[in-house]
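What you are looking at is a predicted structure, and each value in this text was computed from that prediction instead of being measured. What you see below is based on every heavy atom in this structure, not just the backbone, and it leaves out hydrogens, waters and symmetry mates.
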Amino acid sequence: QVQLVESGGDLVKAGRSLTLSCVASGIVFSMNVMGWYRQGPGKERELVARITGGGSIDYADSVKGRFTISRDSDKSTIYLQMTSLKPEDTALYFCNAVLLQKSHDPNLGSWGQGTQVTVSS
């Protein structure tokens, strides 16, 4: 049974930093593309960043230079370091795990429950 457990969400002021964590179980961590997605109020879920087992990384243009995704294979955990946070970063942040061969559609993988990030101006 796949489990993805996110943590680290908080209410912070604009310009501050925050780090999210996602611990995975029930998957072969190295075979999965691990990603962070977010859904803001009244918006659709969107990709924030994702990282393959080999370390290849994609970022949304809106977070490039501010967010950093990383993975710790020993802990089956991914992180999202967020700096220079903006009010528009306010969203429910979800962790996703999907096999590399299915990574064209994250809905073919598994989702966590989400962790709320709220950035005040």
Side-chain angles (χ1 to χ4, degrees):
Q1 180 180 352
V2 179
Q3 271 198 314
L4 302 172
V5 180
E6 304 100 330
S7 62
D10 205 349
L11 168 63
V12 296
K13 291 187 176 181
R16 303 296 290 271
S17 300
L18 204 59
T19 298
L20 307 182
S21 301
C22 170
V23 180
S25 59
I27 63 171
V28 179
F29 193 68
S30 62
M31 294 178 64
N32 278 261
V33 178
M34 301 297 297
W36 288 101
Y37 292 74
R38 67 186 181 187
Q39 186 166 14
K43 299 181 180 180
E44 293 188 354
R45 192 177 297 188
E46 62 176 0
L47 172 69
V48 177
R50 60 186 177 186
I51 182 168
T52 69
S56 296
I57 293 173
D58 292 317
Y59 291 105
D61 289 342
S62 59
V63 306
K64 282 181 181 177
R66 299 189 299 123
F67 291 11
T68 302
I69 189 171
S70 60
R71 62 193 289 159
D72 184 334
S73 296
D74 291 339
K75 297 181 179 179
S76 296
T77 300
I78 62 167
Y79 305 95
L80 185 68
Q81 294 175 281
M82 305 184 291
T83 65
S84 302
L85 283 161
K86 305 175 181 179
E88 51 263 44
D89 294 318
T90 294
L92 189 59
Y93 283 71
F94 296 92
C95 179
N96 176 266
V98 61
L99 290 171
L100 180 61
Q101 56 265 43
K102 298 181 180 180
S103 60
H104 59 281
D105 184 355
N107 290 316
L108 296 177
S110 299
W111 295 93
Q113 292 299 305
T115 185
Q116 179 68 39
V117 173
T118 303
V119 184
S120 63
S121 56

Distance (rounded to the nearest 0.5 Å) between [X] [atom1] and [Y] [atom2]:
X: Ser121; Y: Glu88; atom1: OG; atom2: CD; result: 10.0 Å
X: Asn96; Y: Leu47; atom1: CG; atom2: CG; result: 9.0 Å
X: Leu99; Y: Asn32; atom1: CG; atom2: CG; result: 5.0 Å
X: Phe67; Y: Ile57; atom1: CZ; atom2: CD1; result: 14.5 Å
X: Cys95; Y: Gln3; atom1: SG; atom2: CD; result: 12.0 Å
X: Met34; Y: Leu80; atom1: CE; atom2: CG; result: 12.0 Å

Residue pair [X] / [Y], side-chain heavy-atom distance below 4.5 Å:
X: Met82; Y: Asp89; result: no
X: Lys13; Y: Leu85; result: no
X: Thr115; Y: Ser7; result: no
X: Gln39; Y: Phe94; result: yes
X: Phe29; Y: Ile78; result: yes

Just by modelled atom types, is the [Y] backbone N or O under 3.5 Å from a matching donor or acceptor in the [X] side chain?
X: Tyr59; Y: Gly65; answer: no
X: Asp58; Y: Ala49; answer: no
X: Ser21; Y: Tyr79; answer: no
X: Glu6; Y: Gln113; answer: yes
X: Asp10; Y: Val12; answer: no
X: Thr90; Y: Val119; answer: yes

For a quick test of reading the model, state the closest non-hydrogen atom pair linking [X] to [Y] and the distance between them.
X: Thr118; Y: Gln116; answer: OG1-NE2, 3.3 Å
X: Asp74; Y: Asp72; answer: N-OD1, 3.0 Å
X: Ile51; Y: Arg71; answer: O-NH1, 3.1 Å
X: Gly9; Y: Val117; answer: CA-CG2, 4.1 Å

| query | For the residue pair Tyr37 and Trp111, does the interplanar ring angle fall in the parallel (under 30°), tilted (30 to 60°) or perpendicular (over 60°) class? | reply | perpendicular

| said: Tell me whether Glu44 at atom CD has more than 12 heavy atoms from other residues, nucleotides or ligands lying less than 6.0 Å away. | reply: no

| task | Examine Val98 and Val48 and state if one hydrophobic cluster contains both, with Ile, Leu, Val, Met, Phe, Trp and Tyr joined whenever side-chain heavy atoms are less than 4.5 Å apart. | result | no

| Transitive ILVMFWY side-chain link Trp36 to Val63, under 4.5 Å | yes

